[in-house]
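A, B, ... follow the sequence lines: proteins, then strands. Residue 1 opens every chain.
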There are 2 protein chains.
Amino acid sequence: MTVSRTHRPTLKDVARAADVSVSTASRALAGSDRISRATRELVAQAAAEIGYRPNIQARALRMSRSTTIAVVVPSLVNHYFAAMVTAIQEHAATRGITTIVAATNESATEQTKALNALTDQRVAGIICVPHEDCAAQIRALAAGGTPVVLVDRTLPDPAPQTAGTAKDAASANTPAPQTTPTIPTVTSAPRPGMTAALELLADAGSLPVGYLSGPMSTSTGRERLEVFISAATKLGLDTSHVFHGGYEQELGRHGAEELIDQGVAALFAGDSMMTVGVIEACHRRDLEVGVDIAVIGFDNQPLFDLQPRPITVIDQDVRRMALTALQILTALVTGTPGDATTETHPTGTPAHVRVPTRLIARRSVPQIP
Amino acid sequence: MTVSRTHRPTLKDVARAADVSVSTASRALAGSDRISRATRELVAQAAAEIGYRPNIQARALRMSRSTTIAVVVPSLVNHYFAAMVTAIQEHAATRGITTIVAATNESATEQTKALNALTDQRVAGIICVPHEDCAAQIRALAAGGTPVVLVDRTLPDPAPQTAGTAKDAASANTPAPQTTPTIPTVTSAPRPGMTAALELLADAGSLPVGYLSGPMSTSTGRERLEVFISAATKLGLDTSHVFHGGYEQELGRHGAEELIDQGVAALFAGDSMMTVGVIEACHRRDLEVGVDIAVIGFDNQPLFDLQPRPITVIDQDVRRMALTALQILTALVTGTPGDATTETHPTGTPAHVRVPTRLIARRSVPQIP
């Protein structure tokens with residue numbers, strides 16, 4: 001590896017680019033809540049645009065001092081996230097890394113507090129299922145040198161209004177790069193599993209299909225709804241039976257009852273928790289799953305397989321997602337990126353890894369005799 | 001509050017009592033792994049016996065600086081522990097306290113590492129489901145001033161051989177108190193729920209009963225087996241069908257199949273994970289739960305209620321356990337013990353709170369017509 005002789009941007013450059021003091025820039029990059037969210041986002045943007053990278057040596061030192069990483073998830077009673085955390089922790093343990101976890105109850109306030117606490121505790125790196133309202137804080141953390149990998153959900157692109165301000169300030173000093181460096185992200189690709197699921201329902205004649213959508217405030221909720229509509233349209237299926245819900249059993253139950261009242265022949269739940277709610281609704285309505293109604297859910301948890309007619313699910317391969325996120329985080333922490341994929345992050349680590357879903361077909365979809 | 005004029009034991013006194021240097025005593029009390037386990041246990045014992053208590057002011061300061069507590073559990077895919085962690089985190093959040101979690105996969109090595117990492121990060125206090133092989137480390141942590149509350153499982157009494165050594169050393173300086181201060185503990189009392197379960201099975205004529213016991217290396221495994229045998233004996237039931245397992249689905253499945261082969265009419269699982277395994281075994285053997293065989297499990301998780309014949313369970317009231325543990329920890333951290341129970345810890349907090357279990361009878365036990 002050769003060392004570049006060109007001027008490497010310093011914290012002072014970041015401060016100048018964002019038109020703030022060096023101490024404000026430092027605090028903003030550390031994610032301090034004494035700095036306003038707008039300023040933190042401005043500084044993060046400026047740091048990204050001038051290509052500021054904190055000292056890797058300091059980072060490696062921190063790694064050797066504390067081999068503790070953190071995983072931030074929205075829920076632990078959701079089996080999918082419990083399985084993700086467990087897989088990360090098991091893989092990390094084999095490398096001598098201790099994992100601590102924060103569950104933030106789908107709340108931006110809780111996620112902000114958890115990220116602040118973890119930063120105070122100087123964990124070596126963070127794997128985070130991001131809340132979109134924490135975007136500025138997460139970008140500031142990453143720009144400030146905390147190794148961060150996003151998993152399950154992505155963040156929307158930075159808001160253009162603050163980007164403009166930062167760009168104007170930055171352009172006075174350094175030419176802005178073409179693209180803003182992104183935070184490495186590992187998500188599942190819903191299309192393969194969801195398309196196969198809709199094909200199965202069409203083949204079985206379990207139509208129309210009612211879809212229980214996750215929240216539009218999450219990338220997973222938006223993308224799965226988009227895939228449902230586009231894949232169903234391609235198959236010539238009716239897409240008018242959609243319940244706009246959230247990742248909670250109670251919303252799944254309520255939505256399933258609404259869709260049953262609309263006369264659907266199949267219930268397709270957009271996540272684990274709503275799948276539990278769909279099973280609950282069928283119990284309440286005395287509908288035998290796989291006989292009176294077809295059910296397709298998300299995630300391969302043991303009790304979905306232990307229903308009288310086991311539940312057909314979209315499997316997200318959570319262990320592979322967990323291992324990939326951990327590998328990227330380890331590479332970021334030690335500054336030794338591993339195998340690169342086609343699209344790469346400026347540090348050499350993959351920018352966005354997508355793990356394909358697959359359909360696990362079981363008896364919850366009535367078979368054509 | 002009055003300040004005692006008598007000599008308050010200092011770290012120097014602890015070092016003298018344990019016959020080690022002050023720096024060794026300090027490191028041992030902080031749980032450093034540079035100090036041997038034997039020495040850490042010796043120092044913890046000496047500190048406990050001379051009544052050494054670290055500066056409460058320093059502790060309160062730490063609380064104000066970092067309102068982060070940690071919860072250490074053996075597993076997160078076990079719904080019971082996921083629910084416990086979630087309840088603690090939700091209650092803590094309402095008090096402005098951030099909760100971080102470590103799951104240690106039922107491994108003493110993992111628990112030791114997690115406790116070291118959490119101590120390094122200076123969390124304000126720790127709620128821990130203790131691994132018995134970590135007893136010395138946990139006692140040293142508590143004696144060293146880290147507020148610790150045990151939950152779900154207890155620790156066995158300290159080993160008498162090292163206690164003897166510490167006592168000899170301590171007695172040269174201070175009269176040893178009658179009893180060693182215990183670490184506050186919150187556990188569920190299995191007897192009410194388990195006795196009601198056995199009465200239900202006897203009334204329904206679902207006999208003989210096969211019991212799937214948890215591991216003898218846990219207080220819960222030992223106590224539940226003891227309760228099963230004593231309560232069954234009192235009811236005149238056969239106690240010869242016991243499978244000695246562990247808190248894993250696979251062991252529950254294997255044990256249930258063995259007990260089915262022994263011709264039992266009821267399967268009684270000693271925890272959540274084995275309950276899942278029992279349901280799996282019934283599926284494999286094509287036995288309809290609540291018709292061909294009676295099933296009683298542990299813990300009130302949603303999917304147990306969503307079986308075709310919902311599973312009768314012993315409910316541990318995990319939310320109450322979580323809240324109680326958090327209340328005690330908060331009292332320890334701030335030095336303001338709340339409502340005392342009859343038996344109290346020397347600091348004024350309860351020594352051992354037992355939360356009664358109750359039976360939730362559902363259709364997994366065939367009814368007498």
Side-chain angles (χ1 to χ4, degrees), chain A residues 65-73 75-79 81-90 93 96-105 107 109-110 112-118 120-123 249 273 276-280 282-283 288-289 301-310, chain B residues 65-73 75-79 81-90 93 96-105 107 109-110 112-118 120-123 249 273 276-280 282-283 288-289 301-310:
Chain A
R65 204 198 62 195
S66 149
T67 47
T68 298
I69 62 165
V71 184
V72 180
V73 293
S75 161
L76 286 169
V77 288
N78 182 331
H79 189 276
F81 292 118
M84 178 184 289
V85 163
T86 301
I88 292 172
Q89 175 239 316
E90 284 175 4
I97 299 168
T98 299
T99 305
I100 58 178
V101 182
T104 56
N105 203 20
S107 148
T109 313
E110 288 303 307
T112 294
K113 282 188 191 160
L115 289 171
N116 284 339
L118 295 167
D120 283 353
Q121 282 145 8
R122 298 176 178 274
V123 292
Q249 179 180 341
M273 295 304 279
V276 179
V278 164
I279 298 170
E280 187 187 3
C282 294
H283 267 246
E288 203 174 338
V289 170
Q301 72 173 81
L303 283 164
F304 290 166
D305 198 19
L306 294 175
Q307 291 291 316
R309 284 184 177 70
Chain B
R65 204 199 60 194
S66 150
T67 47
T68 297
I69 61 164
V71 184
V72 181
V73 293
S75 162
L76 285 170
V77 288
N78 183 330
H79 189 276
F81 291 118
M84 178 184 288
V85 163
T86 301
I88 292 171
Q89 175 239 317
E90 284 175 4
I97 299 168
T98 299
T99 305
I100 57 177
V101 182
T104 56
N105 202 19
S107 147
T109 312
E110 289 302 308
T112 294
K113 282 188 193 161
L115 289 170
N116 284 339
L118 295 167
D120 283 352
Q121 282 145 7
R122 299 176 177 275
V123 292
Q249 178 180 341
M273 295 304 280
V276 179
V278 164
I279 298 170
E280 188 188 3
C282 295
H283 266 247
E288 203 174 338
V289 170
Q301 71 174 81
L303 283 164
F304 290 167
D305 199 19
L306 294 175
Q307 291 291 315
R309 285 184 176 71

Would you mind listing every salt bridge (Lys or Arg N to Asp or Glu O under 4.0 Å) that reaches into residues 96-105 of chain B, with sequence neighbours excluded?
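Listed once each, the pairs would be none.
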Closest non-hydrogen atom pair between [X] and [Y], with its separation:
X	Y	value
B:Lys113	A:Thr98	CB-OG1, 3.7 Å
B:Leu303	A:Gln301	CD1-NE2, 3.2 Å
B:Ala82	A:Leu76	CB-O, 3.4 Å
B:Gln89	A:Asn105	NE2-CB, 3.8 Å

What part of [X] gets closer than 4.5 Å to chain A, counting heavy atoms only: side chain, backbone, both or neither?
X	answer
B:Thr99	backbone
B:Glu280	both
B:Val276	both
B:Gln307	both
B:Glu90	side chain

Per-residue contact mode, A:Ser75 against chain B (heavy atom under 4.5 angstrom):
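No part of it gets close to chain B.
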Hey, what do you get for [atom1] ([X]) to [atom2] ([Y]), rounding to the nearest 0.5 Å?
X	Y	atom1	atom2	value
A:Asn116	B:Thr67	CG	OG1	10.0 Å
B:Ile100	A:Ile100	CD1	CD1	3.5 Å
B:Asp120	A:Gln121	CG	CD	11.0 Å

Among A:Ala83, A:Ser107, A:Ala103, which residue forms the greatest number of heavy-atom pairs with chain B at distances under 4.5 Å?
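Heavy-atom pair counts peak at A:Ala103.
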